[in-house]
Amino acid sequence: MANEKWNELPIGGIVDKPATARQYETGKWRVMRPIVDKDKCINCMQCWLYCPDMAITGQLTEDGKKTEMTGIDMTYCKGCGTCAAICPVKAIEMKPESEFLK
Amino acid sequence: MPEKYFEVRWHGRAGQGAKSASQFLAEAALDAGKYSTSFPEYGAERSGAPMKAFNRISEVPVRVRSNVEFPDIVVVIDDTLLGNPDITSGLAEENYLVVNTIKSPEEVSKITGFNGKIATIAGTDIALEEIKRGIPNTVMIGTLIKLTDIVPMDSVKQKVTAAFSHKFSQAIVDANLRALDRGFAEVNING
Amino acid sequence: MPLNIKQLVDYVDKNDWPFTQGHRLCPGCNAPMVAKWATLTAKALGYEPVVGAATGCLEVSTTIYPFTAWNVPYIHNAFENVAATITGAEAAYRSLVNRGKVDNKKVKFIAFAGDGGTYDIGLQALSGAIERGHDFVYVLYDNEGYMNTGNQRSGSTPTGADSTTEPVGKAKAGKLQFKKSIVDIIAGHEGVYAATASTSEPMDFMKKMEKALEFEGPAFIAVLAPCVRFWRIPESSGPEMTKLAVETKYWPLWEYFMGEYKVTKKPRNFKPVSDYVTKLGRFNKLLKRDDSAEVIEEMQKYVNAKWDRLLALEEISKDKPLRTKI
Amino acid sequence: MPNKLAVTGAKAVAIAMKQINPDVVAAYPITPQTPIVQYYADFVADGLVDTVMVPVESEHSAMSAVVGSAAAGARTMTATAANGLALMTEIVYIAASYRLPVVMPIVNRALSGPINIHCDHSDAMLVRDSGWLQLFCEDHQEAYDMTLIATKISEKDDVLLPTMVNLDGFITSHGVDIFEPLDDGIVKDFVGKWEPKYPLLNIEKPVTLGSLDLFDYYYEHHMQQEAAMKKAYELLPEVFEEFEKISGRKYDFLDLYKMEDAEYVMVVLNSTASTAKYVVDELRDKGIKAGLLKPWVFTPFPKKEIKEALNGKKAVVVLDRAMSFGKEAPLYSLVKSALYDAEQKPKMGSYIYGLGGRDVTTHQLHDAFEDAINDKLELNEQKYLGLRD
């Protein structure tokens with residue numbers, strides 16, 4: 001339950017800052033974890049393009065000529081496996097989250 | 001003592017201009033320095049259905065908003081409505097029943113059973129002759145002024161000129177002014 | 001020049017996602033893909049998107065107060081009125097720019113709605129907004145049912161799919177009607193850009209989005225976007241299913257602009273529609289019925305006829321726009 | 001410069017809107033509001049205003065577009081009546097909850113069914129709990145004035161609530177009466193500029209409006225609306241005072257006519273109050289101490305003012321132009337409740353009148369007063385004026 005009193009909130013139910021959902025870690029929902037084999041990865045960025053949770057990061061290579069897949073943000077990845085399904089070179093494998101429990 | 005108003009009831013058919021005539025009279029009364037209201041009794045009528053409109057004119061602001069029950073004058077735009085008992089409802093015999101018709105006041109009395117003061121005017125014919133359209137509003141207002149003097153003729157003429165000149169040619173303005181004069185001059189009164 | 005993946009990656013890396021992490025849509029949902037591609041296209045092209053959303057999964061799950069997954073201005077009003085709401089904002093923008101109260105910054109208005117808010121309860125507002133010629137892009141994520149409230153049938157639900165308000169039962173094979181052809185309805189407004197798209201073809205969608213944004217008038221894109229839960233398919237398989245939908249003529253990719261039709265993807269060989277139907281768990285109950293073969297055959301006939309019709313429309317309308325302005 | 005006009009009430013409202021010259025007007029025509037929209041469309045067509053007008057395809061879309069426009073940061077107006085208001089009701093609530101200071105003239109008309117196009121107040125009463133301020137107008141002058149006042153009070157920073165300006169269908173909207181508009185410049189200065197706090201069009205500060213507001217916040221947001229309504233109640237006298245300065249016309253929560261020494265009081269909304277004032281004078285001529293109380297402000301309901309005005313009176317008759325089937329009539333129940341802790345409670349009677357445009361005559365109003373004078377009021381029994389029985 002929230003703490004703010006009624007007169008401490010902005011009026012009209014407005015959310016006066018953008019992208020506040022990032023405070024909510026959807027990665028905690030995950031039961032399967034995508035593991036990337038960077039040796040296989042061809043940096044085509046299809047996973048980046050498809051990921052419904054914007055959990056895959058990428059950038060251009062230093063020379064600006066190519067794209068580079070740089071990782072998966074486990075704070076938000078829900079483990080749906082779309083990235084693994086669409087990967088043209090099968091460089092992503094979905095593994096049960098239980099394997100990573102410490 | 002609450003104020004008294006001069007109350008007019010118009011009877012016509014939707015589309016014949018009773019509402020416009022009543023609005024026009026209210027505006028002319030304002031120009032003459034009086035207070036006035038005008039309102040129609042609306043149904044869902046289409047052109048041709050019987051309808052009523054009302055005026056109250058006074059030296060002080062008008063407060064009563066109900067329909068006019070006891071008119072000081074009744075104006076009938078269309079003589080085919082004369083068989084309707086509504087026409088004379090609440091009209092005292094010392095007050096005028098004004099009818100746009102080529103019939104005589106005596107004939108009107110016979111049809112309506114109204115034994116009070118009756119005035120007739122061939123409004124549609126005059127309108128056709130002067131304005132070239134069978135819309136007798138202006139003529140009827142001329143007649144109304146002749147019988148009541150509720151608004152001075154000068155104010156009405158100014159209003160006609162002002163209202164028509166920004167939309168129509170001078171010829172049409174003049175035609176309406178002639179119609180007004182003839183409505184005033186050519187009225188037939190019984191008794 | 002259509003956007004390429006390099007530009008997109010670079011844009012996000014140097015700026016940010018316009019639609020962000022932390023939304024609470026189901027894992028594998030295809031709706032956020034659509035929202036992501038649409039807003040990213042706008043941003044990468046230098047537009048400033050102002051977003052409206054109809055009540056639905058996307059709206060509910062991206063804006064649970066006080067959290068918002070939107071990194072651009074966003075308004076939700078109600079279920080049936082996103083087109084009216086967003087075009088009200090568009091009218092405000094025109095007025096305020098005209099009066100010098102707002103700088104012209106390439107603002108573009110994008111409405112998102114599901115099939116319930118588009119085919120059914122929102123159709124009137126959408127039709128009105130398009131007819132009035134507002135400059136906005138309406139993006140439909142079509143998951144073929146009221147998935148937000150638990151798989152009730154909509155005007156978009158296909159024949160034979162199981163839904164909770166028209167279930168496949170012993171006496172009846174679920175919904176008997178085929179889905180409405182929503183893009184044809186929109187094309188009937190004539191002064192409009194309208195297209196179909198699929199989550200299996202993001203670059204095609206983004207190309208269409210680019211056209212929609214460029215057009216200074218009403219634009220509509222219907223994206224087939226599975227609800228993995230109620231289509232009863234694996235979480236990871238949304239784009240795979242929509243790929244099949246395109247390859248079986250179930251969901252042809254085409255566009256309409258001011259009277260001209262164009263089929264934007266013409267597969268050399270088509271798969272039978274049964275390949276698609278048998279993959280989706282929502283048809284399982286149908287498949288167990290004795291009359292399933294007939295239902296699927298009807299569907300095959302329909303998609304064949306629809307495809308032939310599209311090709312014919314393309315042929316007869318080529319270079320013959322109905323209108324040159326909205 | 002006094003400049004009197006004899007026009008319809010609809011035109012008087014349209015003139016007020018023209019002088020306000022809002023950024024956007026989104027509207028759908030409905031009898032008897034139609035002439036307002038038509039006049040405004042003429043102003044737009046003739047370039048007398050530079051408002052962007054959105055001729056939507058329904059009232060639901062009218063209010064929806066209004067919400068989009070006002071949220072974008074534009075001063076926005078619409079107008080409606082009866083079934084149109086009923087159709088937009090869903091979004092009427094939303095507009096208030098988003099704190100959008102929209103002004104909407106309501107040309108009061110009976111709600112179906114069966115369908116009827118004439119005046120009563122069932123439309124206004126349908127939305128009495130929607131979070132909008134509700135002002136009521138006796139005549140053309142008040143309809144014009146209140147449209148300006150509404151804009152001012154709605155846009156107060158501490159208020160930011162939408163306002164409905166109620167005027168009687170046909171009686172006020174289509175009747176010609178005399179009113180005096182203010183000069184354009186005076187109106188412009190009076191309504192000033194609205195600086196929206198969270199406009200959607202501020203691209204630098206993207207906001208999200210219309211979130212899913214669940215059990216952990218919805219209640220708090222509703223409390224804010226209630227507090228804003230209280231603020232409107234506090235600030236209305238200030239706005240009335242400012243308006244008096246520019247117009248010489250004095251408004252308040254209540255229009256009190258011959259109330260100081262009155263023993264028998266009629267409470268009634270809108271145009272019937274004119275006729276009632278006439279009846280009060282007729283009774284006064286007979287030596288009967290009659291008076292009239294007409295709320296200009298219905299929401300926020302001026303409970304304290306009503307109690308003060310009616311405490312110690314011999315008898316009060318409350319006239320409602322709407323039914324609340326199976327419950328006490330809306331205005332009556334509120335007036336009665338306001339008197340619960342009055343020291344000297346008057347006798348009270350509830351009267352329904354004028355439904356569906358039934359002509360309201362002086363005789364009917366006399367009948368209600370007669371009951372009061374002759375000690376024939378029944379606290380818990382609703383009576384009917386002008387009904388054939």
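Side chains are part of it too, since the values below use all heavy atoms of this structure and drop only hydrogens, waters and symmetry mates. What you see is a predicted model; the values in this text were computed from it and never measured. Each chain gets a letter, A, B and so on, in the order the sequences are listed, and its residues count up from 1.
Side chain of D:Ser211 to backbone of C:Tyr65: no donor-acceptor contact under 3.5 angstrom is found.
Interatomic distance, C:Glu80 CD to D:Ser61 OG, rounded to the nearest 0.5 Å: 8.5 Å. Between the CG atom of C:Leu96 and the CG atom of D:Leu201 there is a distance of 6.5 Å, given to the nearest 0.5 Å. Atom OG1 of residue D:Thr208 and atom CH2 of residue C:Trp70 lie 8.5 Å apart, to the nearest 0.5 angstrom. Expressed to the nearest 0.5 Å, how far CG of D:Leu214 lies from CD1 of C:Ile64 amounts to 6.5 Å. Note that CG of D:Leu212 and OG of C:Ser61 are 8.5 Å apart. Values are rounded to the nearest 0.5 Å.
Annotation: maximal heavy-atom pairing with chain C below 4.5 Å, among D:Pro206, D:Ala72, D:Ser64, D:Ala74, occurs at D:Ser64. In terms of heavy-atom pairs under 4.5 Å with chain D, the best-connected choice from C:Ala53, C:Pro49, C:Gly88, C:Ala91 is C:Gly88. Top candidate by heavy-atom pairs under 4.5 Å with chain C, chosen from D:Asn202, D:Asp50, D:Val54, is D:Asp50. For chain D, the option among C:Gly52, C:Gly128, C:Ala89 with the highest count of heavy-atom pairs below 4.5 Å is C:Ala89. Ranking D:Met63, D:Met53, D:His221 against chain C, the residue ahead of the rest is D:His221, based on heavy-atom pairs under 4.5 Å. Considering only heavy-atom pairs separated by less than 4.5 Å from chain C, the leading option among D:Leu209, D:Val56, D:Val24, D:Val66 is D:Leu209. Options C:Glu48, C:Arg99, C:His76 differ in how many heavy-atom pairs under 4.5 Å they form with chain D, and the most are formed by C:Arg99. Options D:Pro55, D:Ala62, D:Ala71, D:Ala70 differ in how many heavy-atom pairs under 4.5 Å they form with chain C, and the most are formed by D:Pro55. Taking chain C as the reference chain and counting heavy-atom pairs below 4.5 Å, the highest number among D:Ala95, D:Pro199, D:Gly73, D:Ser69 is found for D:Ser69.
Remark: C:Glu216 CD is loosely packed, at most 12 non-hydrogen atoms of other residues, nucleotides or ligands lying under 6.0 Å away. Within a 6.0 Å sphere centred on NZ of D:Lys197, heavy atoms belonging to other residues, nucleotides or ligands number 12 at most. Under a cut-off of 6.0 angstrom, the local environment of NZ in C:Lys106 is crowded, with over 12 non-hydrogen atoms contributed by other residues, nucleotides or ligands. For D:Lys205, the NZ atom sits in a loose shell: 12 or fewer heavy atoms of surrounding residues, nucleotides or ligands are nearer than 6.0 Å.
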| Checking side-chain contact (heavy atoms from CB on, under 4.5 Å) for the pair D:Ile91/C:Asn77: CA distance, chi angles, key distance, verdict? | CA-CA 8 Å; D:Ile91 316 302; C:Asn77 190 346; 3.7 Å; yes
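Neither the backbone nor the side chain of C:Asp103 comes within less than 4.5 Å of any heavy atom in chain D. Only the side chain of D:Tyr98 comes within contact range of chain C, judged by heavy atoms closer than 4.5 Å. For D:Ile94, the part sitting under 4.5 Å from any heavy atom of chain C is the side chain, from C-beta outward, and nothing else. Residue C:Glu131: no heavy atom, backbone or side chain, is found under 4.5 Å from chain D. Proximity to chain C (any heavy atom under 4.5 Å) is restricted, for D:Val207, to the backbone atoms N, CA, C and O. For D:Thr51, the parts sitting under 4.5 Å from any heavy atom of chain C are the backbone and the side chain alike.
Counting all heavy atoms, side chain and backbone alike, C:Ala78 lies closest to D:Glu90 at CB-OE2, 3.6 Å.
For the residue pair C:Ser127 / D:Glu57, no side-chain donor-acceptor distance below 3.5 Å is found, with atom types taken as modelled.
Here the rule is side chain to side chain contact (heavy atoms under 4.5 Å, CB included) with D:Leu200, and of C:Val51, C:Ile75, C:Val72 only C:Ile75 fits it.
Taking the side chain as every heavy atom from C-beta outward, D:Ile203 and C:Pro73 approach each other to under 4.5 Å.
A salt bridge does not link C:Lys101 with D:Glu195: none of the charged nitrogens is closer than 4.0 Å to a carboxylate oxygen.
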